[in-house]
Amino acid sequence: MYRTWIEFWWPMNPPAVLALRIAFTVLSFIFVIASLLSFRFSNPLVRIFYTVAALWMGLANFLFVGAGIAWLADFVLRISVPTATRVAYRPYIVAVLLVAAILTALYGLVNARAVRLRRITVQLSDLPENWRGRQALLVSDLHLGHVNGLAFARRIAAKVRELSPAIIFLPGDLFDGSKIDPLRVAAPLLELKPPLGMYFVGGNHEEFGGAAHFEEALRAGGIRVLHNECADVDGLRVVGVPYGNSTYPMQMRTFLEGLQLKEGPASILLNHVPNRLPLAEHAGVSLQISGHTHGGGQIFPFNFITRRAFGKFTYGLQSFGDMQVYTSSGAGTWGPPMRVGTHSEIVLLTFA
């Protein structure tokens, strides 16, 4: 980005060039520094610093994309117009792309705040009759922390109350791993009392801040934490494998096979990442519920990387053999509080 500005903008005097170089050097490390501080401290100054750094990281992403487009446009001009004309166009190209990057970041901020409700009907074989027509709410990837705090939790809780689901599934990254008081920040969600309870499994971000710490807080708040556990919920088997355990496929396979899910009624597996699908399907899981992908990397162009890693299981309801998989784009954000190319959601599942 620095090289693009120097090459494309109108000539700058040496002090301005030095100031720009220092600014870009500092900004290159600001999010890393803010993240390290967020894991150790929890106070208004750290929250503000982290939020500013996260906003910059999102804007920098689009500035970087803009810089790439600028050089591509310059190449096209190089082979189509005289050199003098190409050089004259350069500042205007950068100016247009700068404005476009800022507008894209602003759109991403607004889009991320708009949490949508998605309604999905899921048909499961061997589903207990008393579960037909029941509704479960899937709330994934809230990333409660320094950016998405108490006010965000209140907004989500208000939406949940309007829906009155029978049960709530929380498949990981409820917290972003930063140093916070989990009971205070998640208090609005802990006040929810669906008839069949709330079930949580840890994601990779809980690991960042100490999974046991967050799990203990949620248990104290009345949420059922499934740490390599299976719960019988009115005839439906709900299984949870936390992120840390899912990284050991042999252990996960032994655990799932030991539950003998093929011999019982329908089952649901909470697994934060939409992976280990062959293990879950072979063990007899009926439906795997996941998050993690943020619907495709959260912001462009990371959707290409995410879809390369998870394919069609990046988002939505898909089939894998005899098992169904739903991957949610999540309600919150990590890093930049922006979404471009994806959207925030909570999902109301109706069993049929």
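Numbers here simply count residues along the sequence, with the first being 1.
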- Task: Compare all side-chain heavy atoms of T333 with those of M338 and state whether any distance is below 4.5 angstrom.
- Result: no
- Note on the structure: Residue set satisfying salt bridge (charged side-chain N to carboxylate O under 4.0 Å, His left out) with E216, at least two apart, ordered chain then number -> none
- Task: Flag yes if F75 and V87 sit in one hydrophobic cluster, no otherwise; membership is Ile, Leu, Val, Met, Phe, Trp, Tyr, and two members link when side-chain heavy atoms are under 4.5 Å apart.
- Result: no
- Note on the structure: All heavy atoms of S290 vs all of V273, minimum pair found to be OG-O, 3.5 Å
- Query: To the nearest 0.5 Å, how far apart are CZ in F255 and CG in N228?
  - Reply: 5.0 Å
- Please work out which of the three classes, parallel, tilted or perpendicular, describes the rings of H205 and F208, given edges at 30° and 60°. perpendicular
- Query: Does atom NE2 of H282 have more than 12 heavy-atom neighbours, drawn from other residues, nucleotides or ligands, at distances under 6.0 Å?
  - Reply: no
- Message: Are the side chains of D173 and N204 in contact, using a 4.5 Å heavy-atom criterion?
- Response: yes
- Task: Please say whether more than 12 non-hydrogen atoms of neighbouring residues, nucleotides or ligands are located less than 6.0 Å from CZ in F24.
- Result: yes
- Decide if atom CZ of R86 counts as having more than 12 heavy atoms of other residues, nucleotides or ligands within a radius under 6.0 Å. yes
- Side chains of S344 and R339, donor plus acceptor under 3.5 Å: yes
- Task: Test salt bridge (Lys or Arg N to Asp or Glu O under 4.0 Å) on E129 and R132 and set out the steps.
- Result: CA-CA 5 Å; E129 282 300 320; R132 298 194 185 279; 3.1 Å; yes
- Message: For Y243, I'd like to know if atom OH has over 12 heavy atoms of other residues, nucleotides or ligands within 6.0 Å.
- Response: no
- Message: Contact between N303 and T314 at the side-chain level, heavy atoms closer than 4.5 Å - yes or no?
- Response: no
- Give the C-alpha distance, both sets of side-chain angles, the deciding distance and a yes or no for side-chain contact (heavy atoms from CB on, under 4.5 Å) between V238 and R224. CA-CA 11 Å; V238 180; R224 177 69 184 274; over 6 Å; no
- In terms of heavy-atom contacts, does CG of D322 have more than 12 from other residues, nucleotides or ligands at under 6.0 Å? no
- Message: A side-chain contact here means heavy atoms from C-beta on lying under 4.5 Å apart; do F49 and H146 qualify?
- Response: no
- Query: Any side-chain heavy-atom pair from T342 and H294 closer than 4.5 angstrom?
  - Reply: no
- Item | Shortest non-hydrogen separation from S319 to K312 and the atoms involved | O-NZ, 3.4 Å
- Taking all non-hydrogen atoms of both residues, which atom of L124 and which atom of L127 are closest, and how far apart? O-CB, 3.4 Å
- Message: Can you see whether F8 has R90 sitting over its ring - NZ or CZ less than 6.0 Å from the centre and within 45° of the normal?
- Response: yes
- Are T327 and F310 close enough that some pair of their side-chain heavy atoms sits under 4.5 Å apart? no
- Message: Are there over 12 heavy-atom neighbours, none belonging to E191, within less than 6.0 Å of that residue's CD?
- Response: yes
- Minimum heavy-atom distance G149-L144, with the two atoms named: O-CD2, 4.0 Å
- Does a side-chain heavy-atom distance below 4.5 Å link V65 with T104? no
- Query: Looking at H292 versus F313, is the centre-to-centre ring distance below 6.0 Å?
  - Reply: no
- Given Q318, R118, Q288, the one that forms side chain to side chain donor-acceptor pair (under 3.5 Å) with Y326: R118
- Item | Pair L189-I168, side-chain contact (heavy atoms from CB on, under 4.5 Å): steps then yes or no | CA-CA 10 Å; L189 299 173; I168 297 175; over 6 Å; no
- Item | Considering all heavy atoms, the nearest L259-C230 contact | CD2-CB, 3.9 Å
- Task: Any chance you could lay out the side-chain contact (heavy atoms from CB on, under 4.5 Å) test for Y2 and L27, step after step, and finish with the verdict?
- Result: CA-CA 11 Å; Y2 167 79; L27 291 172; over 6 Å; no
- How far apart are the closest heavy atoms of A231 and Y199, and which atoms are they? CB-CE2, 4.0 Å
- Query: Above 12 or not: heavy atoms from other molecules or residues under 6.0 Å from CZ of F64?
  - Reply: no
- Message: Do M198 and L190 make a side-chain contact, defined as non-hydrogen atoms from C-beta onward lying under 4.5 Å apart?
- Response: no
- Query: Would Y50 and F31 count as a close aromatic pair, with their ring centres under 6.0 Å?
  - Reply: yes
